[in-house]
Amino acid sequence: MNRKWVMGLASAGSVMVALDATVVTTALSRIRVDLGTSMEQLEWTVNAYSLSFAVLLMTGAVLGDRFGRRLVFTAGLGLFTAASAACALAPDAGWLIAARVLQGAGAALVMPLAMALLSAAYPPPDRPKALGLFAGLTGLAVVGGPVVGGAVTQGLAWEWIFWLNVPIGLVIMPLVLRRIPESRGGGDGVDAGGLVLVTGAALGLVWGLIRSDAAGWGSAEVAGTLAAGAVCGVAFVAWERVAARPMVPLGLFRLRGFAAGNAAGVFLYASLYGALFFAAQYFQTGRGDRPLAAGLHLLAWTAAVTVVAPTAGRLVNRVGARPLAALGLAMQAAGMGWLALAATPSVPYWELVAPMLIAGAGVSMAMPAAQSAVLNAVAPQQIGKASGVFNTGRQLGGVFGVAVLALAFAKAGGYAGPSAFTDGFGGAIGVGAALSLAGAVAALAIPGREAAPAPSPAGPVLASNR
């Protein structure tokens, strides 16, 4: 087996998926105009992808372990490619949102199994280096997404951010079947009850939040969906306590590092994803920049991950996860708060660089620290399950972040003109700063470096991405 093929093909699939999480941000303004979408539909264009990705992520890992990682990885690539074509052909917002749901489902099969295929291909001594390279390439895709989206939207059309996935997917799939050997894991069953309940909980709560501005908090639709989401959430917790093969072993949350690291991560990504949803629109709708310029302007915020995150990852072992996670989230809060005050339709770009750099450096510091806190809290054989929980929380945090910041935007401003948009942007980013600050408080509960990981009470691991 040529491990370079495994690295190249697994990374190519992961880059496609990661790119589509952020590439759409700089196309949102054009999509709004071309398809005549409302704010609510624009939110669903982003959240439909993240929501289906989040709730199916751990199920994708289990299916790969049971039916074959290469097979399910290829199926995920096929679904993602077909859904990308459907996105590009969308005649209206409803079609686009439905296709984004399918894209997210395909992504949920690709991402965890790309890591699993790499882990199976490389022996333990070489595995950290391989996974580090894989994570670096995926991170570059996330960072480059707004720039790629801006360039493609401006040079061609927004539909091409989706069309580009089609030839890539069609080339990768047969190579995966030829060049990557099949591997399997433990073969545990899918927690179907948990999957249905967590989907209902997330969908009900997000639907209620998104519809609250248009329908009103007291409407039967909003009250009913929020109540249904809350009931599904409570039922999910009760089900996981008795399920033979739980999606989320609740005993892990008795570990302080696991619970605090996940809480910090949810606040971190809620703040980040919500802010990025509006930032690219601010540069275009609020300041009048073209899509490519908007993507390039965002690099002051996003590019810090390529410099700060690797350094922070090395520092975690020296100083512990708590100070880096808490300081990073506090820096993100400070940068966002400054940006909320500084943003106007006529502000020179250079006056926005410092707050974006601070926010970007902060989130890049907190990202590896929060994940390290989660993984260091559990026993080695539980790392796969712990990683799945963290990544699911990351995606769901992003979904709720977009919904909550959109509420703040609608209360403070709108799309009536640059001034109205900037007023809404300031209110939304201010809420993002508050979410970051809440994450910093949660991070203070992470155990110090001297605290040894406690033995897990959660029982056997069920869906490791090994």
Run the numbers on D92 and L96 for side-chain contact (heavy atoms from CB on, under 4.5 Å), then give the verdict. CA-CA 6 Å; D92 53 45; L96 179 60; over 6 Å; no
Pair F253, F258 - check ring pair (Phe, Tyr, Trp, His ring centres under 6.0 Å), show working. CA-CA 6 Å; F253 286 94; F258 182 87; 4.9 Å; yes
Just do the side-chain contact (heavy atoms from CB on, under 4.5 Å) check on F80 and D20 with the steps written out, would you? CA-CA 10 Å; F80 187 87; D20 266 58; 3.8 Å; yes
Criterion ring pair (Phe, Tyr, Trp, His ring centres under 6.0 Å) on F409 and F278, from CA distance to verdict: CA-CA 9 Å; F409 173 86; F278 285 106; 4.8 Å; yes
Does the side-chain contact (heavy atoms from CB on, under 4.5 Å) test come out yes or no for R100 and F162, once each step is laid out? CA-CA 10 Å; R100 289 284 281 172; F162 300 112; 3.8 Å; yes
Check the pair R287 / V347 against side-chain contact (heavy atoms from CB on, under 4.5 Å), numbers first and verdict last. CA-CA 8 Å; R287 283 173 40 91; V347 63; 4.2 Å; yes
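The two residues F390 and G265 make their nearest non-hydrogen contact at CE1-CA, 4.2 Å. When every heavy atom of D289 is checked against every heavy atom of A294, the shortest pair comes out as CB-N, 4.4 Å. Heavy atoms only, all atoms of each residue included: G233 and A201 are closest at N-CB, 3.5 Å. A366 and A325 make their closest contact through CB-O, 3.9 Å (heavy atoms, listed as atom of the first residue, atom of the second, distance). Across every non-hydrogen atom of A369 and A321, the tightest pair is O-CB, 3.3 Å. Summarising the geometry of V101 relative to S52, their closest heavy-atom pair is O-OG, 2.9 Å, with the distance given to 0.1 Å.
Side-chain contact check for E159 versus L89: every heavy-atom pair is 4.5 Å or farther apart. Counting heavy atoms from C-beta on, the side chains of M336 and P355 never come closer than 4.5 Å. Inter-residue side-chain proximity for M365 and M331 is flagged as met; some heavy-atom pair is nearer than 4.5 Å. For the pair Y349/M356, a side-chain contact is recorded, criterion being any heavy-atom separation below 4.5 Å from C-beta on. Using a 4.5 Å heavy-atom cutoff, the side chains of V389 and N262 are in contact. Within the 4.5 Å cutoff, side-chain heavy atoms of Q332 are placed close to those of L272. Between W44 and W207 there is a side-chain heavy-atom pair separated by less than 4.5 Å. Considering only heavy atoms from C-beta on, N165 stays 4.5 Å or farther from T81 through its side chain.
T26 places a side-chain N or O within donor-acceptor distance of the main-chain N or O of P146, the cut-off being under 3.5 Å. Panel note: side chain R322, backbone I446; a donor-acceptor pair is recorded below 3.5 Å. Not a single donor-acceptor pair under 3.5 Å links the side chain of E240 to the backbone N or O of V237. Of the possible polar contacts, one joining the W95 side chain to the A86 backbone as a donor-acceptor pair under 3.5 Å is found. In terms of modelled atom types and a separation under 3.5 Å, the side chain of R30 and the main chain of A157 share no donor-acceptor contact. For the pair Q154 (side chain) and L292 (backbone), a donor-acceptor distance under 3.5 Å is present. Checked by atom type and distance alone, the side chain of S14 never pairs as donor or acceptor with a backbone atom of A10 at under 3.5 Å. Remark: side-chain polar atoms of S271 are not paired, donor with acceptor, to backbone N or O of L268 under 3.5 angstrom.
Separating the CG atom in L56 from the CG atom in L109 is a distance of 7.5 Å, to the nearest 0.5 Å. Note that CG of L42 is 4.5 Å distant from CG of L28, once rounded to the nearest 0.5 Å. Distance check: L164 CG to W160 CH2 gives 7.0 Å after rounding to the nearest 0.5 Å. Residue L396 holds its CG atom at 11.0 Å from OH of Y273, rounded to the nearest 0.5 Å. To the nearest 0.5 Å, atoms OG1 (T45) and CZ (R32) are separated by 12.0 Å. In this structure, OH on Y282 lies 11.0 Å from CG on L298, to the nearest 0.5 angstrom.
Inspection of the Y415 and Q281 side chains reveals an N or O donor paired with an N or O acceptor under 3.5 Å.
For W163 and W158, the ring centers are positioned 6.0 Å apart or more.
Between V399 and the choices L205, V404, L51, the side chain to side chain contact (heavy atoms under 4.5 Å, CB included) rule is met once, by L51.
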